[in-house]
Amino acid sequence: MQAAPSLPERLIAHLDMDAFYASVELLRYPELKGRAVVIGGRREHAPRTLADGTREYSLLRDYTGRGVVTTSTYAARDLGVFSAMGLMKAALRAPDAILLPTDFDSYRHYSRLFKAAVAEIAPVIEDRGIDEIYIDLTDVPGIREPVGHDPLGGAKAVAREIKNSVLKATGLTCSIGITPNKLLSKIASELEKPDGVTVLTMEDLETRIWPLAVRKVNGIGPKAAAKLAALGVETVGDIAGKTLPWLVENFGKSYGAWLHEASHGRDRRPVVTYSEPVSISRETTFERDLHAKQDRALLGRIFTQLCEQLAGDLSRKGYLSRTIGIKLRFEGFVTVTRDLTLDLPIADAAAIRHAAGLCLKRVDLSKRLRLLGVRAGNLSHPGDALRGRPARKAKPAAASETPEAESLSLFEDLPL
DNA sequence: TCTGGGGTCCTAGGACCC
DNA sequence: TCTGGGGTCCTAGGACCC
């Protein structure tokens, strides 16, 4: 039978696991179901099993430190605790919430399980991190079959089949949006969360998408939303009501044109099933701000450790890097980066540390440091032909960047 | 009581080459 | 000696996302 004429050429799904990290923890600690639980912080908050077999949990009120909320259960969200919120602030809102440490190994395990379950039904999958994926359903058998008088019945049936398969493989629920493109599907998957299915066509744009706040669009962040609000633009429909020249005038040629397309629900991006990484990095925020001079030895050890971890990541994944960079965050949250492109790609810790050390010399280190990071970019594989021409001679450091004498030797003469 | 760690992409200026 | 334009690479910062 011929597909209904209103069905779009592409059918793209966005699948988002519901409160993923928190839900994985509830599998392990089912007695916490229904309670306000917050995931975040460093190791020390693991539950303790008492002699009688009962478990004792840490409470959010007892937390001290610089951690943030990674995820929270829906009960915790009802108390105003959301992702990326500082744990100390979260403790003020929900002092009796249970605090669990993040256990990435476990989340990665369930991530592999749910993705494999989806792949058995629809193999064209784009990874968007540990808890979400895009799926191109265009060629899945039965997707365009109407059910009764519903031309979208086939799509809804496939969505339910995928959700059942994920639940069976992991014990976890997810939400799925199916629309003609990635942009709309990403929005749609959120509309019926948790455990929801939302199928939209272009005909639903005005009623379902236009009333939404601009922040619901993937790619409109806090800065763009604030600027839009200042211009009297609150909803996606408000954007669609503006002309292309108006948007370009206020947001630039590229972003303005994208806003125009996005507000009209247009997006031609394909589902990309494989991509090479652009960079690999390691960074750490200190428990307290450290000073280059007073805490020199400690900083040196941390610096060396970051380089060793990065070297381990590179070799484990089979990459060489020709551009090594550092990231510094000072007290007050001012962030600075420096990088250096080498003649030849490297991967070992000593070479990374040397290059990163050269970057470090270009930064004024008189302020206390909150974070230190090391990054490897310009990645290649060991047998690849060299890309680019040899790096030119580095220009001398600008006068304003010339470090103090003691900074010059900072972190050096500490052997790996 | 401020704000983790791991990423991608874009912009913009200067160097350098043709 | 002056005047170009195009293209790529490098670097720094910033917005945004999970």
Under-4.0 Å side-chain N/O to phosphate OP1/OP2 contact, [X] with [N]:
X	N	value
A:Arg362	C:dT11	no
A:Thr337	C:dA12	no
A:Asn378	C:dC9	no
A:Ser279	B:dG6	no
A:Arg329	B:dG5	no

State which of [options] makes the closest approach to the side chain of [X].
X	options	result
A:Lys186	B:dG6, C:dC18, B:dT3	C:dC18
A:Val336	B:dG4, C:dG13, C:dC16	C:dG13
A:Lys89	B:dT1, C:dA15, C:dG13	B:dT1
A:Ser254	B:dC10, B:dG4, C:dC16	B:dC10
A:Leu340	B:dT1, C:dT11, C:dC10	C:dT11
A:Lys223	B:dT8, C:dC16, C:dA12	C:dC16
A:Val68	C:dC10, C:dC17, B:dG4	B:dG4
A:Thr285	B:dG6, B:dG5, C:dC17	B:dG5

Separation of [X] atom [atom1] from [N] atom [atom2], in whole Å?
X	N	atom1	atom2	answer
A:Lys227	C:dG14	NZ	P	16 Å
A:Tyr107	B:dG4	OH	C1'	14 Å
A:Arg61	B:dT1	CZ	P	14 Å
A:Tyr134	B:dT8	OH	C1'	13 Å
A:Phe330	B:dC2	CZ	P	20 Å
A:Ile220	B:dC10	CD1	P	16 Å
A:Leu379	B:dG6	CG	C1'	14 Å
A:Arg338	C:dC10	CZ	P	18 Å

Which is true for [X] with a 4.0 Å heavy-atom rule: it touches a base, it touches only sugar-phosphate, or it touches nothing?
X	value
A:Ala91	nothing
A:Thr284	sugar-phosphate
A:Arg370	base
A:Val217	sugar-phosphate
A:Leu87	nothing

Strictly below 4.0 Å, N to O, side chains only: are [X] and [Y] in salt-bridge contact?
X	Y	result
A:Glu9	A:Arg268	yes
A:Glu190	A:Lys193	no
A:Arg128	A:Glu126	yes
A:Glu132	A:Lys186	yes
A:Asp289	A:Arg66	yes
A:Asp343	A:Arg322	no

Q) Between A:Tyr29 and A:Tyr57, does the ring centroid distance fall short of 6.0 Å? A)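 Yes, they do, as the ring centres are separated by less than 6.0 Å.
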Q.
I want to confirm an ordering. Mapping A:Ile280 and A:Gly86 to their closest nucleotides on DNA chain B, which one lands closer to the 5' end?
A. A:Gly86
Q.
Nearest heavy atom decides the nucleotide; on that basis, is A:Val278 or A:Gly65 closer to the 5' end of DNA chain B?
A. A:Gly65
Q. Is there aromatic stacking of A:Phe333 against B:dT3, centre distance under 5.5 Å, plane angle under 30°?
A.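 One would call A:Phe333 stacked on the B:dT3 base.
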Q. Mapping A:Thr335 and A:Thr323 onto DNA chain C by nearest heavy atom, which one lands closer to the 5' end?
A.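 So the residue in question is A:Thr323.
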Q.
Here's a test of your reading of the structure: between A:Gly219 and A:Asp339, which maps to the more 5' nucleotide of DNA chain C?
A.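 Going by which nucleotide is closer to the 5' end, it is A:Asp339.
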Q) Does B:dC2 adopt a syn or an anti glycosidic conformation, taking syn as a chi angle within 90° of 0? A) syn
Q: If the plane angle is over 60° it's perpendicular, under 30° parallel, otherwise tilted; pick one for A:Phe104 and A:Tyr107.
A: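 Rings of A:Phe104 and A:Tyr107: perpendicular, as their planes differ by over 60°.
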Q. B:dC18 pairs with which nucleotide, Watson-Crick or G-U wobble, both distances below 3.5 Å?
A. C:dG5
Q | Interatomic distance at C1', C:dC16 relative to B:dT3, whole Å | A | 16 Å
